[in-house]
Amino acid sequence: MAAMDLRQVADAFHERVPDLVDSLTKQMREVPSGSVATYGQLAQALGDTAASRWVATWLLEADCPLAEISHRVVRSTGEIGLHFSGDVSEKKRRLQNEGVVVSGGKVELGRFQVELPAIQAPLAALKAWQNEFVCPQAAPLDLNAVQTIGGLDVSYTGHQAVAVCSRFEADGTSPLGHASRCQEVRFPYVTGYLAFRELPLHLELLAQMQTEGTLPDLLLVDGNGRLHPRRMGIATMLGGLTGIPTIGIAKKKICGVMLADQLSPGVWEPIVEAKDQANDILGYTILPHAKTKHPLYVSIGHGIDSDEMQEVVSRSFAGHRSPEPIYAADRESRRIASTLATA
DNA sequence: GCGACAG
DNA sequence: ATCTTGTCGC
């Protein structure tokens, strides 16, 4: 594939990422005094109930611009839930002041729940993007032609994020150095949408590396690839956007089930959507070594097949839970993030 | 009560 | 991911 201009790819992607805080703010204006909405209802209005936890935690943040009306958002059970002041009775007081009846710690939703007007649902649009995204045809990977492998990870200090790409030789365990990029992050973490939070960083970093001539031939990405509710995890989207072969490496399972009953150190076990779909392998789980009880979840990103993926990841293990490129990127990004903490 | 889902 | 003390083990 002809080399992509990653500067342009990064700009185009950034352009398409919506501002969820803006959308939530607009929705909250539709919840008047004397009525309530639920966390899930607001998330659904944004396009996916998967965002309900983010809605709840965002409204609890001390510096949230919506704090003064956050008492109007309650749980789907009618329980009033938590309040940013740290005092639940304060939330109850505010609700009662606005005419909302709270009895037994609960609000009668049938009587007080607001009806939200259907508007632009940013998460629904992103979900559609994931479903429709087609990775450009990639040339078959020649593992012997791979010179360098990169590990990509991100650490945070508040809303400041630090992305690091750790470069390694093709053996997967010989370090060559790091490249890093710091940036403000607005998009929240919502299960299934990690790409929209972290890809802007990764793409900026890779565009920078392309300029320096240090772009790796293969990338290990923190997060999933095909092992994703819509088969479009961050590793897959990154590979499709850049044309660089990618592998997704996750420490926790996002979906699917393991076919086998047991896990043995060093053995790759397929993950499928359900046990009656054994022919459609989404990814693999593996215990890197006998010392760990917690497995890794590895899946194809883009431009590489399962055998090659297992070969590359297996030879990148060196005593840590994660493959060395990911482990190194994790440590370096945390180091830099801790540097920014008091700055 | 059960299930639990990347960073 | 981050917030956090001590504690167990190489």
Side-chain angles (χ1 to χ4, degrees), chain A residues 17 20 40 43 48-54 56-58 60-63 76-77 86 123 126-127 130 151-165 182-202 205 219-239 246-258 271-274 282-286 289-301 318-323 326-327 329-342:
Chain A
V17 178
L20 287 195
D48 196 327
T49 56
S52 54
R53 276 175 302 178
W54 170 66
T57 56
W58 172 243
L60 279 175
E61 279 187 31
D63 62 337
S76 62
T77 56
L123 287 178
L126 294 180
K127 185 186 287 189
Q130 291 176 324
L152 239 27
D153 196 13
V154 182
S155 290
Y156 297 86
T157 298
H159 288 184
Q160 272 295 320
V162 182
V164 165
C165 180
C182 299
Q183 212 166 286
E184 284 276 337
V185 170
R186 287 270 290 181
F187 198 94
Y189 170 70
V190 177
T191 303
Y193 302 85
L194 177 64
F196 305 106
R197 176 170 170 81
E198 297 192 340
L199 272 193
L201 282 151
H202 289 329
L205 178 55
L219 293 170
L220 304 191
V221 189
D222 66 295
N224 292 296
R226 217 173 105 72
L227 182 56
H228 179 274
R230 294 172 285 283
R231 313 292 175 259
M232 194 50 64
I234 185 170
T236 302
M237 206 161 199
L238 178 60
T246 57
I247 295 170
I249 308 282
K251 296 173 194 68
K252 290 195 289 189
K253 194 177 67 170
I254 185 175
C255 64
V257 296
M258 175 173 70
I271 299 278
V272 296
E273 178 69 49
L282 306 183
Y284 296 82
T285 180
I286 185 174
H289 48 74
K291 294 223 157 196
T292 324
K293 185 188 165 120
H294 303 298
L296 234 38
Y297 299 88
V298 181
S299 61
I300 289 176
H320 297 291
R321 183 184 172 202
S322 296
I326 291 286
Y327 180 78
D330 177 67
R331 296 219 49 226
E332 177 66 2
S333 62
R334 284 194 207 199
R335 188 189 67 75
I336 297 176
S338 70
T339 285
L340 277 44
T342 47

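Naming: A, B, ... by sequence-line order, numbering from 1 per chain. Hydrogens, waters and symmetry mates play no part in the numbers below; they use all other heavy atoms, side chains included.
- The two atoms that bring V185(A) and R197(A) nearest to each other are CG1-NH1, 3.5 Å, heavy atoms only.
- The environment of CZ in R53(A) is sparse: at most 12 heavy-atom neighbours from other residues, nucleotides or ligands sit within 6.0 Å.
- Residue-level contact check: F187(A) touches neither bases nor backbone, having no heavy atom under 4.0 Å from any strand.
- Atom C1' of nucleotide dG7(B) and atom CZ of R53(A) are separated by 12 Å, given to the nearest angstrom.
- The side chain of K251(A) lies closest to dG7(B) when the candidates are dA6(B), dG7(B), dT2(C).
- Across all strands shown, G248(A) has no heavy atoms under 4.0 Å from either base or sugar-phosphate atoms.
- If you find the closest nucleotide of DNA chain C to D330(A) and to K291(A), the one lying nearer the 5' end belongs to D330(A).
- One atom, CD1 of I326(A), and another, P of dA6(B), lie 16 Å apart when rounded to the nearest Å.
- Here T292(A) contributes atom OG1 and I286(A) contributes atom CD1; the two are 10.5 Å apart, rounded to the nearest 0.5 Å.
- Among the atoms of the strands shown, only primed sugar atoms or phosphate atoms (P, OP1, OP2) are found under 4.0 Å from some heavy atom of R334(A).
- Considering all non-hydrogen atoms of both residues, L201(A) and A163(A) come closest at CB-CB, 3.9 Å.
- Spacing between atom CG of D48(A) and atom C1' of dA6(B) amounts to 14 Å, rounded to whole angstrom units.
- At most 12 non-hydrogen atoms from other residues, nucleotides or ligands lie less than 6.0 angstrom from CZ of R331(A).
- Residue-level contact check: Y189(A) touches the bases, meaning some heavy atom is under 4.0 Å from a base atom.
- Taken from CZ in F196(A) to CG in L123(A), the straight-line distance is 9.0 Å, to the nearest 0.5 Å.
- The distance from atom CZ of R230(A) to atom CE of M237(A), rounded to the nearest 0.5 Å, is 10.5 Å.
- As rounded to whole Å, 8 Å separates atom P of dC5(B) from atom OH of Y297(A).
- Note on L227(A): nothing from the nucleic acid sits closer than 4.0 angstrom, heavy atoms only.
- Atom pair Y327(A):OH and dG7(B):P shows a separation of 17 Å (rounding to whole Å applied).
- Picking from dC5(B), dT2(C), dA6(B) the nucleotide with the shortest atom distance to the side chain of K252(A) gives dA6(B).
- Taking atom CZ on R335(A) and atom P on dT2(C), their separation rounds to 15 Å, with Å as the unit.
- Whole-Å rounding puts the H289(A) NE2 to dC10(C) P distance at 14 Å.
- One finds a side-chain N or O of T191(A) lying less than 4.0 angstrom from the OP1 or OP2 phosphate oxygen of dA6(B).
- Taking a pair as Watson-Crick or G-U wobble with both distances under 3.5 Å, DNA chain C forms no stem of 3 or more consecutive pairs.
- Regarding L201(A), its CG atom lies at a distance of 13 Å from the C1' atom of dA1(C), rounded to whole Å.
- Residue contacts for D222(A): at a heavy-atom cut-off of 4.0 Å it reaches the sugar-phosphate backbone alone, with no base atom in range.
- Checking dG7(B), dC5(B), dA6(B) against every side-chain atom of E198(A), the shortest atom distance belongs to dG7(B).
- Checking side-chain atoms of H320(A) against main-chain N and O of S322(A) turns up no donor-acceptor pair under 3.5 Å.
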Secondary structure of DNA chain B in dot-bracket form (Watson-Crick or G-U wobble, distances below 3.5 Å, | marking inter-strand pairs): .......
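- The heavy-atom pair separating A337(A) from S155(A) by the smallest distance is CB-CB, 4.1 Å.
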Please test L126(A) against F187(A) for side chain to side chain contact (heavy atoms under 4.5 Å, CB included), starting from the C-alpha separation and ending with a verdict. CA-CA 12 Å; L126(A) 294 180; F187(A) 198 94; 3.6 Å; yes
